Q: 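This is the structure I want to talk about, given as structure tokens.
All values derive from a computational prediction rather than experimental measurement.
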Amino acid sequence: MRKVLFPGSFDPFTNGHLDIVKRAAKLFDQVVIAVGTNRTKNYLFSSSEKIDLIQKSVLEAELTNVEVVELEGLTIDFVHEIGATAIVRGLRNEADYLYERDIAEMNGKLGSVETVFLMARPENQNISSTILKEVASFGADVSSLVPQAVSAAIIQKFNK
């Protein structure tokens, strides 16, 4: 079985993320979305909230070969723990490529795993979780940029 890991903080999970998952689900037998925590970031959603929202988004998209889990520790260790054959990452632009290339090289050296890069579709290239949270905090409608469950959760967070 060809299993791929899609790691990230997913705060929030966007249509761009969902598109990468859909495309990876066609290329691999199983996609494991691993929700990690980057200690340098401030999060809108807790890990459990993100996992719940991603699971709802995957269910709504009718993706049957996708699992959502929490990631603690190094990504490369988790790759080996779950028996994944690769890591998948989405690229929106040149800056993403330069950043992800270095991480892919390190993962390759630490654990001899391949990283598969999928280019973001044009309609998703400008979606950044950071920018999305910023504009949503001022009341902007971001419903066209995120799955339905995520949109409702964002509205609830900022209406408190």
Q: So, using side-chain contact (heavy atoms from CB on, under 4.5 Å) as the criterion, who are the partners of N93 when residues are at least two apart?
A: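 Here the qualifying residues are A95, D96.
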Q: Run the side-chain hydrogen bond (donor to acceptor under 3.5 Å, both in side chains) test against T14 and tell me which residues pass, sequence neighbours left out.
A: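 So T14 forms a side-chain hydrogen bond (donor to acceptor under 3.5 Å, both in side chains) with H17.
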Q: How would you list, by chain and number, every residue that makes a side-chain hydrogen bond (donor to acceptor under 3.5 Å, both in side chains) with D19, sequence neighbours excluded?
A: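 In terms of side-chain hydrogen bond (donor to acceptor under 3.5 Å, both in side chains), with neighbours along the sequence ignored, D19 is linked to R23, R121.
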Q: Partners of T75 by side-chain hydrogen bond (donor to acceptor under 3.5 Å, both in side chains), sequence neighbours excluded?
A: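 If we apply the side-chain hydrogen bond (donor to acceptor under 3.5 Å, both in side chains) test to T75, skipping adjacent residues, there are no hits.
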Q: Any donor-acceptor pair under 3.5 Å linking the side-chain atoms of D141 with those of S143?
A: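 Present: a donor and an acceptor within the cut-off.
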Q: List for me each residue that meets salt bridge (charged side-chain N to carboxylate O under 4.0 Å, His left out) alongside E49, sequence neighbours excluded, and say none if there are none.
A: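 Residues passing salt bridge (charged side-chain N to carboxylate O under 4.0 Å, His left out) with E49: K157.
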Q: When clusters are formed from ILVMFWY side-chain contacts under 4.5 Å, directly or step by step, what else is grouped with Y97?
A: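 L91, L98, F117, M119, listed by chain and number.
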Q: Could you tell me if K133 sits above the aromatic ring of F158, with its cationic atom closer than 6.0 Å to the ring centre and no more than 45 degrees from the axis?
A: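 Here K133 fails the 6.0 Å and 45° test against F158.
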Q: Output every pair passing salt bridge (Lys or Arg N to Asp or Glu O under 4.0 Å) with a member in residues 103-117, not counting sequence neighbours, ordered by first then second residue.
A: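 Listed by first then second residue: nothing to list.
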Q: Under the salt bridge (Lys or Arg N to Asp or Glu O under 4.0 Å) rule, what pairs show up with a residue in residues 58-85, not counting sequence neighbours?
A: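 Passing the test, one end in residues 58-85: no pairs.
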Q: With a 4.5 Å cut-off on side-chain heavy atoms, are T37 and S9 touching?
A: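 No, too far: nothing below the 4.5 Å cut-off.
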Q: With clusters built from Ile, Leu, Val, Met, Phe, Trp and Tyr whose side-chain heavy atoms come within less than 4.5 Å, directly or transitively, what are the remaining members of the cluster of Y99, listed by chain and number?
A: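 Other cluster members: I103.
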Q: Taking side-chain hydrogen bond (donor to acceptor under 3.5 Å, both in side chains) as the definition, give me every residue that meets it alongside S48, ordered by chain and number, with sequence neighbours left out.
A: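 Per chain and number, S48 pairs via side-chain hydrogen bond (donor to acceptor under 3.5 Å, both in side chains) with S46.
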Q: Are any non-hydrogen side-chain atoms of V35 and F13 less than 4.5 angstrom apart?
A: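 Sidechains of F13 and V35: no contact.
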Q: Give every residue pair that meets the side-chain hydrogen bond (donor to acceptor under 3.5 Å, both in side chains) criterion with at least one member in residues 144-155, sequence neighbours excluded.
A: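 Counting only pairs at least two positions apart or across chains, no side-chain hydrogen bond (donor to acceptor under 3.5 Å, both in side chains) contact touches residues 144-155.
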Q: Test of understanding: with side-chain contact (heavy atoms from CB on, under 4.5 Å), list the residues that count as partners of I82, not counting sequence neighbours.
A: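 Here the qualifying residues are K3, L5, V32, F78, A84.
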